[in-house]
Amino acid sequence: MPEPTTRLALTTTQQHGPRTHTCGELRPESVGADVVLKGWVDTRRNLGGLVFADLRDRYGLTQIVFAEEVSAEAYAIAEKLRGEDVVSITGTVRERENKNHTLPTGLIEVFVADIEVLNTAEPLPFMVSAHEERQQNTSEDLRLKYRYLDLRRPALQQNILLRHRLYQATRRYMDTQDFVEVETPILMKSTPEGARDYLVPSRVHPGKFYALPQSPQTYKQLLMIAGLDRYFQIVKCFRDEDLRADRQPEFTQIDVEMTFATEELIYEMVEGLMASIWKDTRGIEIGTPFPRMPHAEAIRRFGSDKPDLRFGMELVDVSETLHGSGFRVFDSTFESGGAVVAIRVEGQGDLGRGKLDKLTKQIVLKRIGAPGLFYVKLPADGSDFTASVKEEVLPRSFVQKVIEATGAKAGDLVLMLAGPQPKVFEQMGTLRLHMANETGLIPGGNDGPWKFLWVTEFPLFEYDEEDGRFYATHHPFTSPEPEDLPLLENDPGAARARAYDLVLNGAEIGGGSIRIHQRDVQSQMFRHLGIGEAEAEERFGFLLNAFRYGAPPHGGIALGLDRLVMLLTGASSLRDVIAFPKTQSATEPMSNTPDVVNDEQLEELHIRTVVSEGDDA
RNA sequence: GGUUCGGUAGUUCAGUUUGGUUAGAACGCCGGCCUGUCACGCCGGAGGUCGCGGGUUCAAGUCCCGUCCGAACCGCCA
């Protein structure tokens, strides 16, 4: 390690007093004024006898000028300034000789009379400068290790600032709607249903554990039973599952619950909230109400429970069309109750054989897991179509009918998958997204369009083949559709839930339901989920008990705050909208978290680890 | 748990296909010149555990095996 810098003497007694302006503030109206600015040295340009520097803070950049004839002392210091030194300057605002119209402060500059070096910076592990052109694509783990430097970059600060505005917009709106912000416990009881819990051992109760909340679900219901009427909270939630670009182990929800709620009341409230958020964070007016689509329709038309409505390419069920084709693959699909689903990819009718083979091998077989891909190419020059299946195997008349069913024109490509329902629809939904990405139908950035959608009428249960039992699609406190109550006994898989998801541009940004508020319905629900009476009592007895004493109907929703910020900022990773995020393996490289603890701590907590030394460093 | 991509100077990368002289470039850093730059410019210089371990070979950044770290995705995420 080199010796600490002696490049510049640091100021010990600060003489300049408080700053008069931020680095983003000065305009030509201030020309002639004496000002005090403080900030980080961004870039500097030494012309010999004249030094320009950009001074940076959260608010912007201001060019400061050191001229030998104005102050020889200040100039001598300026010659030695380096990036990220922290300085205070006094000086006079002047109109620039050469104006910079790309900066808000670009019409003026400050001639420095005096400079105090508040702190120096050693050579940096990566570039921090505000000039995007200078910023290299620094690797994620280095950025996370020096997160305080990463966060100094204006691009990341903008995300954090937008996140702040989103908090404020949310609190303002919820307050005007009579919602009460209530904090719920972080240390709570473990509920094994759902995701894995993060556990916290109890010192005073040997062998017992708290869990960090996956969501404050039961608490917010109890607040409704308590008569708070309307609750919200911007709250951290924890799920110990593997990470993705849009998934962190700790994340933030806007959690909401209302007494006497109906779906309509929830939709209206959330639409108002979204409109406020978009207005206050981006100045964008979004249209309300949002369109709605039943879950079954979303699967049928888009192969997804979170359809991206920014483009078409809807799924076409061509099963009827292909009945009696004599093609063995299709026939056996139909015999076992399956379907053949097609999409029309515009303008890809001349895709080469190599690219289609690659699509089949790498995407369809490997990623989507479908057994094969069928395609029909319609050349742009209007010449005859080519099918991936020979005429002797699948007669041309059937191919022609598929072309008609999908509305394909010259220059289009028709893709088909065959398989069991509803799986084949979901596979085609994945292929639809892939093709949309490939053909540039999905706009990047954060300029919209903003395609909100309520997905409604979710199935109450999902059957798990492996476990041979039903699981709650949403969660076990979700109310069934009253008219589907009779189905619970005979055909639970067909029962619909009073649950809804809010989807934006193909991302699930929230989900909720009208809850069960009657004890016998809740008990019935637990029974169908294979949770026995004793177990239900042990795990959720407090809630069932609460239902005895006048529990009002209620319902709510939880919105993923991090994902909202991600969409509003156009960030490609959740890590870019969280101040101190975790890596894909749930570590935090700056502070080296998680880490071992000493034996005394473990003993106090009555914990013995079974990890042998070297299992994990 | 699995698949794929990546790891070379402080940083971002090239070099790996086809093993062979002293491992290059840009930015940053150090020294010098330069009074209107704004990613200033010009001249010079320093800087490398080619992630780590093992193997093949006369010879490995390059080929093979293992391993660690990061990322994207699958499983998982009521």
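The model shown is predicted, which means the values in this text are computed figures rather than measured ones. Below, read A as the first sequence line, B as the second, and so on, with proteins coming before strands; counting in each chain starts at 1.
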Chemist: Which residues satisfy the ring pair (Phe, Tyr, Trp, His ring centres under 6.0 Å) test with A:Phe470, sequence neighbours excluded?
Modeler: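 So A:Phe470 forms a ring pair (Phe, Tyr, Trp, His ring centres under 6.0 Å) with A:Phe461, A:Tyr463.
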Chemist: Looking only at atom P, what distance separates B:C74 and B:U12, rounded to whole Å?
Modeler: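 Approximately 27 Å lies between the P atom of B:C74 and that of B:U12.
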Chemist: Checking A:Phe238 now: which residues fulfil ring pair (Phe, Tyr, Trp, His ring centres under 6.0 Å) with it, not counting sequence neighbours?
Modeler: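 Testing A:Phe238 for ring pair (Phe, Tyr, Trp, His ring centres under 6.0 Å), a comparison that skips the adjacent residues, returns none.
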Chemist: Between B:G70 and A:Thr587, is there an OP1 or OP2 to side-chain N/O distance shorter than 4.0 Å?
Modeler: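 Looking at the OP1 and OP2 atoms of B:G70, one of them is under 4.0 Å from a side-chain N or O of A:Thr587.
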Chemist: Return the polar atom pairs (N/O with N/O) between nucleotides 2-8 of chain B and the protein under 3.5 Å, or none.
Modeler:
none

Chemist: Using 4.0 Å as the upper bound for N to carboxylate O, is an ion pair formed by A:Lys582 and A:Glu250?
Modeler: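 Salt bridge present between A:Glu250 and A:Lys582.
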Chemist: When you compare B:A39 with B:A59, how far apart are their C1' atoms, in angstrom units rounded to a whole number?
Modeler: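 Roughly 44 Å separates the two C1' atoms.
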Chemist: Partner of B:A46 by Watson-Crick or G-U wobble geometry, both contacts under 3.5 Å, or none?
Modeler: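 Here B:A46 is not engaged in any pair, so there is no nucleotide opposite it.
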Chemist: Is NZ or CZ of A:Arg469 both nearer than 6.0 Å to the six-membered ring centre of A:Tyr471 and within 45° of the ring axis?
Modeler: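 Output yes; distance and angle both within limits.
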Chemist: Within the supplied structure, the quantity of interest is the number of heavy atoms (other residues, nucleotides, ligands) at a distance under 6.0 Å from A:Lys358 NZ; does it exceed 12?
Modeler: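 12 or below, so no.
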Chemist: Can you name the nearest heavy-atom pair linking A:Ile516 to A:Pro480, along with the distance?
Modeler: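 Taking A:Ile516 first and A:Pro480 second, the nearest heavy atoms are CG1-CD, 4.3 Å.
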Chemist: Distance between the C1' atoms of B:G2 and B:C13, in whole angstroms?
Modeler: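 To the nearest whole Å, 30 Å.
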Chemist: Identify all side-chain donor-acceptor contacts of residues 554-565 of chain A below 3.5 Å with residues at least two apart in sequence or on another chain.
Modeler:
| residue | atom | partner | partner atom | Å |
| --- | --- | --- | --- | --- |
| A:His554 | ND1 | A:Pro552 | O | 2.9 |
| A:His554 | NE2 | A:Gln221 | NE2 | 3.0 |
| A:Asp562 | OD1 | A:Arg163 | NH1 | 3.0 |
| A:Asp562 | OD1 | A:Arg163 | NH2 | 3.1 |
| A:Asp562 | OD2 | A:Thr252 | N | 2.7 |
| A:Arg563 | NE | A:Asp246 | O | 3.3 |
| A:Arg563 | NH1 | A:Glu508 | O | 3.1 |
| A:Arg563 | NH2 | A:Asp246 | O | 3.3 |

Chemist: Go ahead and name the base partner of B:G36; Watson-Crick or wobble counts if both distances stay under 3.5 Å, otherwise write none.
Modeler: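 Its partner is none (no Watson-Crick or G-U wobble pair with both distances under 3.5 Å).
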Chemist: I'd like to check the side-chain hydrogen bond (donor to acceptor under 3.5 Å, both in side chains) partners of A:Glu535; sequence neighbours left out, ordered by chain and number.
Modeler: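 Scan of A:Glu535 (side-chain hydrogen bond (donor to acceptor under 3.5 Å, both in side chains), adjacent residues dropped) gives A:Arg539.
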Chemist: Polar atoms only, N or O, under 3.5 Å: list the protein pairs with nucleotides 44-48 of chain B and their distances.
Modeler:
none

Chemist: Specify the separation, in whole Å, of atom CG of A:Asn592 and atom C1' of B:C69.
Modeler: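 So the CG-C1' distance, A:Asn592 to B:C69, works out to 13 Å.
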Chemist: Who does B:C5 pair with, Watson-Crick or G-U, both distances under 3.5 Å?
Modeler: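 Its partner is B:G70 (Watson-Crick or G-U wobble, both distances under 3.5 Å).
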Chemist: Identify whether the distance between the nearest side-chain nitrogen and carboxylate oxygen of A:Lys80 and A:Asp85 falls below 4.0 Å.
Modeler: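 Result for this pair is no, no salt bridge flagged.
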Chemist: B:G20 and B:C29: how far apart are their P atoms, nearest whole angstrom?
Modeler: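 One P to the other, the span is 35 Å.
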Chemist: Take atom P in B:U57 and the same atom in B:U62, then report the distance between them in whole Å.
Modeler: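 Those two atoms are separated by 16 Å.
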Chemist: Between C1' on B:G10 and CD on A:Glu84, what's the gap in Å once rounded to a whole number?
Modeler: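 Spelled out: CD on A:Glu84 to C1' on B:G10 is 15 Å.
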Chemist: Could you tell me how far B:G51 sits from B:A46 if I compare only their C1' atoms? Round to whole Å.
Modeler: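 Each nucleotide's C1' atom is 24 Å from the other's.
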Chemist: Using the P atom as the reference point in each nucleotide, state the distance between B:G15 and B:G28 in Å, no decimals.
Modeler: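 The same atom, P, in both gives a distance of 24 Å.
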Chemist: Any base atoms under 4.0 Å from A:Thr62, or only sugar-phosphate, or nothing? Heavy atoms, all strands.
Modeler: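 Touches nothing.
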Chemist: Would you indicate what A:Leu61 reaches in the nucleic acid, counting non-hydrogen atoms under 4.0 angstrom: base, sugar-phosphate, or nothing?
Modeler: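 The residue A:Leu61 makes no contact with any strand.
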Chemist: Show me the pairs that pass salt bridge (Lys or Arg N to Asp or Glu O under 4.0 Å) and involve residues 37-59 of chain A, at least two apart or across chains.
Modeler: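 Matches after skipping sequence neighbours: A:Arg19-A:Asp57, A:Asp42-A:Arg56, A:Arg45-A:Asp54, A:Arg56-A:Glu84.
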Chemist: Using ring pair (Phe, Tyr, Trp, His ring centres under 6.0 Å) as the criterion, list what pairs up with A:Phe302, not counting sequence neighbours.
Modeler: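 Applying ring pair (Phe, Tyr, Trp, His ring centres under 6.0 Å) to A:Phe302 gives none.
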Chemist: Using a cut-off of 4.0 Å between protein heavy atoms and nucleotide atoms, how would you tag nucleotides 25-38 of chain B 5' to 3' with B, S and -?
Modeler: --BSSS---BBBBB
Chemist: Strictly by salt bridge (Lys or Arg N to Asp or Glu O under 4.0 Å), give each pair with a member in residues 61-73 of chain A just once, sequence neighbours left out.
Modeler: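 Listed by first then second residue: nothing to list.
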Chemist: May I have the distance from A:Met590 (atom CE) to B:C69 (atom P), rounded to whole angstrom?
Modeler: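 One finds 19 Å between P of B:C69 and CE of A:Met590, rounded.
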Chemist: Any strand counts, and the cut-off is 3.5 Å on both contacts for Watson-Crick or G-U wobble. Which nucleotide pairs with B:C27?
Modeler: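 Result: B:G10.
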Chemist: Go through the steps for A:Phe477 and A:Phe540 under the test ring-ring contact (aromatic ring centres under 6.0 Å, His included), then give the verdict.
Modeler: CA-CA 10 Å; A:Phe477 315 109; A:Phe540 302 112; 5.3 Å; yes
Chemist: Between A:Arg496 and A:Glu481, does any side-chain N to carboxylate O distance fall below 4.0 Å?
Modeler: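 No.
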Chemist: Listed by chain and number, what are the ring pair (Phe, Tyr, Trp, His ring centres under 6.0 Å) partners of A:His295, not counting sequence neighbours?
Modeler: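 Partners of A:His295 by the ring pair (Phe, Tyr, Trp, His ring centres under 6.0 Å) criterion, ordered by chain and then number, come out as A:Phe458.
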Chemist: In the 5'-to-3' direction, what one-character label does each nucleotide of nucleotides 71-78 of chain B receive under the scheme B = base within less than 4.0 Å of a protein heavy atom, S = sugar-phosphate only, - = no such atom?
Modeler: BBSBBBBB
Chemist: Distance between the P atoms of B:A23 and B:G48, in whole angstroms?
Modeler: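 To the nearest whole Å, 12 Å.
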